[in-house]
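Take a look at the structure set out below.
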Amino acid sequence: MINKSSDGPAVRARGLAVRRGPTRVLDGLDFAVAGGSVTGLLGPSGCGKTTLMRAVVGAQAKVTGTLDVLGRPAGSRELRHRIGYVTQAPSVYLDLTVQQNLDYYAAVLGMPRPERRERVERTLADVDLTRHAGALTGVLSGGQRSRVSLAVALLGTPDLLVLDEPTVGLDPVLRRSLWDLFHRLAAERGTTLLISSHVMDEADRCDRLLLLREGHLLAEGTPAELRGRTGAQSIEDAFLRLVAGEGGAR
């Protein structure tokens, strides 16, 4: 495995908190994400997953505590070209074709023209959009537009890829294909992936899990560790038992 991050964790949080008005959206989180791993951030809608991801990429206000990313404080200027971030809402130009979107962002990244075409074609193949390269992005399905956003994030070969529910609305075959891609990125390029989901059956596709509930870190560990700790047969059952207090928080 290639590890493109520092010797320490790719992401480390100590006492991480985010307040929105009188409410603490995140409350004193302590965790680490290993470099070159696929880490799942799981929990129900509204538990703080998106807020945590925004904090990791440096886009969240009112963050307290310590949050280091790739050896630097989160939000540092040096991290801008080392992190790829895909939000739930696709952030691409709807009046451009898929190919034009990728060509544009490749130019923004300063990619030399001789290698741009090959990189764009490879990235389109990675996300299974080659046959849609000439289609206007605005006429694609929601899942396809999400894959265009993912392709844009992959263009710069980031050290850390932060994906907010990237498989929502996708058919099972495509979901499996994307998870295979995520693990290839980790194994072959040393990319660290932090992937959120509220679908518990995706948990076993991750190397490690962070389980969130109401802004608190309920538990972390490998899927097998969390099932073993709670005596549950599935991560969903493990989550429910942890909520009920059956099993340690760490």
Side-chain angles (χ1 to χ4, degrees), residues 2 4 38 40-41 45 49-50 53-54 56-60 70 77 79-199 202 205:
I2 304 168
K4 300 197 302 186
V38 178
L41 179 59
S45 297
K49 299 189 299 295
T50 295
M53 292 186 139
R54 285 174 54 84
V56 169
V57 301
Q60 178 62 49
L70 302 174
R77 180 182 297 271
L79 296 175
R80 290 181 182 175
H81 295 295
R82 301 184 64 194
I83 299 174
Y85 179 37
V86 180
T87 63
Q88 291 183 40
S91 51
V92 289
Y93 293 101
L94 302 183
D95 57 344
L96 297 180
T97 68
V98 175
Q99 176 98 34
Q100 287 168 339
N101 264 293
L102 268 63
D103 284 338
Y104 170 76
Y105 282 105
V108 169
L109 288 169
M111 200 173 296
R113 187 176 294 275
E115 71 177 73
R116 194 181 305 168
R117 180 175 179 178
E118 190 237 333
R119 181 76 64 83
V120 167
E121 289 178 351
R122 184 181 70 190
T123 305
L124 285 170
D126 282 341
V127 298
D128 192 26
L129 282 176
T130 300
R131 59 181 171 161
H132 299 292
L136 279 177
T137 305
V139 304
L140 299 177
S141 69
Q144 289 168 333
R145 287 198 297 270
S146 295
R147 281 186 281 148
V148 180
S149 292
L150 175 58
V152 168
L154 291 173
L155 277 174
T157 59
D159 296 332
L160 172 64
L161 193 54
V162 179
L163 308 176
D164 198 351
E165 302 200 346
T167 61
V168 169
L170 302 184
D171 67 77
V173 174
L174 186 52
R175 283 173 58 195
R176 183 177 62 185
S177 175
L178 283 183
W179 279 102
D180 288 345
L181 170 62
F182 299 154
H183 282 282
R184 286 203 313 274
L185 291 171
E188 298 173 9
R189 303 184 194 175
T191 307
T192 303
L193 294 98
L194 179 62
I195 304 172
S196 74
S197 179
H198 64 268
V199 182
E202 294 194 323
R205 299 181 184 273

How many angstroms lie between [atom1] in [X] and [atom2] in [Y], if you round to the nearest 0.5 Å?
X	Y	atom1	atom2	result
Asn101	Thr137	CG	OG1	4.0 Å
Leu155	Tyr104	CG	OH	13.0 Å
Ile83	Thr192	CD1	OG1	10.5 Å
Glu165	Thr87	CD	OG1	11.5 Å
Thr50	Gln88	OG1	CD	4.5 Å
Ser177	Asp171	OG	CG	9.5 Å

Can you tell if the side chain of [X] reaches within under 4.5 Å of the side chain of [Y], non-hydrogen atoms only?
X	Y	result
Leu154	Leu181	yes
Arg189	Leu161	no
Val38	Arg205	no
Leu102	Val152	yes
Leu79	Val57	no

- Take the angle between the ring planes of Tyr105 and Tyr93 and call it parallel below 30°, perpendicular above 60°, tilted in between. parallel
Looking only at non-hydrogen atoms, find the nearest pair between [X] and [Y] and report the distance.
X	Y	value
Leu163	Met53	O-CE, 3.0 Å
Pro158	Ala153	CD-O, 3.4 Å
Gly138	Arg145	O-NH1, 3.7 Å

Do any side-chain atoms of residues 120-134 form donor-acceptor pairs under 3.5 angstrom with protein atoms, and if so which ones, sequence neighbours left out?
residue: Glu121; atom: OE2; partner: Arg117; partner atom: NE; Å: 3.2
residue: Thr123; atom: OG1; partner: Arg119; partner atom: O; Å: 2.8
residue: His132; atom: NE2; partner: Gln144; partner atom: NE2; Å: 3.3

- For Leu174 and Arg147, what are the C-alpha separation, side-chain angles and deciding distance, and is it a side-chain contact (heavy atoms from CB on, under 4.5 Å)? CA-CA 10 Å; Leu174 186 52; Arg147 281 186 281 148; 3.1 Å; yes
- Message: Please check: side-chain N/O of Ser146 versus main-chain N/O of Pro166, any donor-acceptor pairing under 3.5 Å?
- Response: no
- Task: Check side chain to side chain contact (heavy atoms under 4.5 Å, CB included) between Val139 and all other residues, then give those that pass, not counting sequence neighbours.
- Result: Leu136
- Message: If the condition is side chain to side chain contact (heavy atoms under 4.5 Å, CB included), which residues does Pro112 pass it with, not counting sequence neighbours?
- Response: Pro114, Glu115
- Task: Applying side-chain hydrogen bond (donor to acceptor under 3.5 Å, both in side chains), name anything that partners Ser196, two or more places apart in sequence or on another chain.
- Result: Asp164
- Item | Test side-chain hydrogen bond (donor to acceptor under 3.5 Å, both in side chains) applied to Arg54 - qualifying residues, sequence neighbours left out | Gln60
- Query: Can you list every pair that meets ring pair (Phe, Tyr, Trp, His ring centres under 6.0 Å) and has a residue in residues 152-184, with sequence neighbours left out?
  - Reply: Trp179-Phe182
